[in-house]
Amino acid sequence: MRKPLLSLVAALAVTACATTPMGPAEPPPPPPADAPVSIPANIIAAVDNPLRPEVDTRRDADRLPAQVLAFAGVRSGAKVADLIPGTGYFTRILSKAVGPRGHVYAYVPDELTKLANREPAVNAIAADPAYKNVSVVLNLLPNFGAPEKLDLVFTAQNYHDMHTPLMGRPDMAVVNRKVFQSLKPGGVYLVLDHSAQPGSGLRDAEKLHRIDPETVKAEVTAAGFVFEGESRVLRDAADKRNVSVFDPSIRGKTDQFIYKFRKPAGAR
């Protein structure tokens, strides 16, 4: 069961982060147990922002944005890319969480806008004076980047789409390497998506809008990232992972994985 959390005393179950050893050693395996982590005040305030539309806030109980962004490590002053922001659910929260000294780049794939034949929904957010630290970047996925080095690249429920005709099936080795290059040393790549059945690879990406978490891990680490851990707050064993995420029987209640990857501190 998922429990909403919007108070300072609530806790988040996450995988503790291992420290990368000195020298050319293999990345450490993720720790075997979860540890509670408190939700920072900047994230609590961002989720509680009264300017958020009701269509967003009513989804909080299922999406648990405070726990997700706490696991990502979003801090005041951070430079963040919201990769494939959709209608801007996380864009608004990220904007307030990073504050006036931070910035959010809503990266919208041009492949998607050409297919949709309309302007990105997040344009309205970037034009709102309440979110003046939001900029929209419209470009092709293989050209991913931002005007400055980033602390975090965040993508929610969209990684699987990058393997479908919807996004033009870009070479994910190129996309993930571009994400790697866009980050500061020590920066984080946070991938949240709907889980497919173990061993299914990319089989269900187009029809069920799901992806095997192990496929994501293999692709992202191949770009140079170190897998740092998983948050299990959106895991749901009741989801058999055999129907579309839009099926009424499971919509909003899917089993979702949240993987944190880090660019090594010594990398360029």
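Note that these values count all heavy atoms, side chains included, but never hydrogens, waters or copies made by symmetry.
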E228-Y259 side chain donor-acceptor pair, cut-off 3.5 Å: no
Side-chain donor or acceptor of K260 paired with backbone N/O of G73 under 3.5 Å: no
Co-membership, hydrophobic cluster, residues L152 and V136, 4.5 Å side-chain: yes
Electrostatic pair R169-E206, nearest N-O below 4.0 angstrom: yes
Distance-only polar pair, side chains of N133 and S95, donor-acceptor under 3.5 Å: yes
Check: R262 side chain, G186 main-chain N or O, donor-acceptor pair, under 3.5 Å: yes
Test applied, side-chain hydrogen bond (donor to acceptor under 3.5 Å, both in side chains); reference residue, D151; option that passes from H103, K79, R75: R75
Gap separating the CD1 atom of I258 from the CZ atom of F71, nearest 0.5 angstrom: 7.0 Å
Value rounded to 0.5 Å, distance of NE2 in H194 from CG in D161: 8.5 Å
N158 side chain to I84 backbone, donor-acceptor under 3.5 Å: yes
Steps toward side-chain contact (heavy atoms from CB on, under 4.5 Å) verdict (R92, I125): CA-CA 8 Å; R92 289 185 177 92; I125 298 175; 3.7 Å; yes
Stepwise side-chain contact (heavy atoms from CB on, under 4.5 Å) test for L69 and F90: CA-CA 9 Å; L69 297 188; F90 275 108; 4.1 Å; yes
D193 and H160: side chain donor to acceptor below 3.5 Å: yes
From I93 atom CD1 to D48 atom CG, the distance as rounded to the nearest 0.5 Å: 10.0 Å
Between R235 and S195: side-chain donor-acceptor atoms closer than 3.5 Å: yes
NZ/K132: more than 12 non-hydrogen atoms of other groups inside 6.0 Å: no
Taking every non-hydrogen atom, the tightest pair across T91 and A106: CG2-CB, 4.4 Å
Plane angle bin for Y189 and Y159 - parallel if under 30°, tilted between 30 and 60°, otherwise perpendicular: tilted
Exercise: identify the closest heavy-atom pair between V137 and G145: CG1-O, 4.2 Å
Modelled atom types, side-chain donor and acceptor of T254 and D239, under 3.5 Å: no
Euclidean distance, Q181 CD relative to N176 CG, rounded to 0.5 Å: 11.0 Å
Heavy-atom donor-acceptor pair, R52 side chain to V47 backbone, under 3.5 Å: yes
pair V68-L234: side-chain heavy atoms closer than 4.5 Å: yes
N/O donor-acceptor pair under 3.5 Å between K263 side chain and L183 backbone: yes
Pair Q157, R63: side-chain N/O donor-acceptor within cut-off below 3.5 Å: yes
Smallest separation among heavy atoms of P170 and P142, with atom names: CB-CG, 4.1 Å
Cation-pi check, K217 onto F257 ring (under 6.0 Å, within 45° of axis): no
Residue pair F180 / V220, side-chain heavy-atom distance below 4.5 Å: no
Connected via hydrophobic side-chain network under 4.5 Å: L202 and L208: no
Verdict with supporting geometry, T155 and V179, side-chain contact (heavy atoms from CB on, under 4.5 Å): CA-CA 11 Å; T155 189; V179 171; over 6 Å; no
From D62 atom CG to Q256 atom CD, the distance as rounded to the nearest 0.5 Å: 9.0 Å
Interatomic spacing from CZ in R210 to CG in D255 - rounded to 0.5 Å: 7.5 Å
pair L141-L83: side-chain heavy atoms closer than 4.5 Å: yes
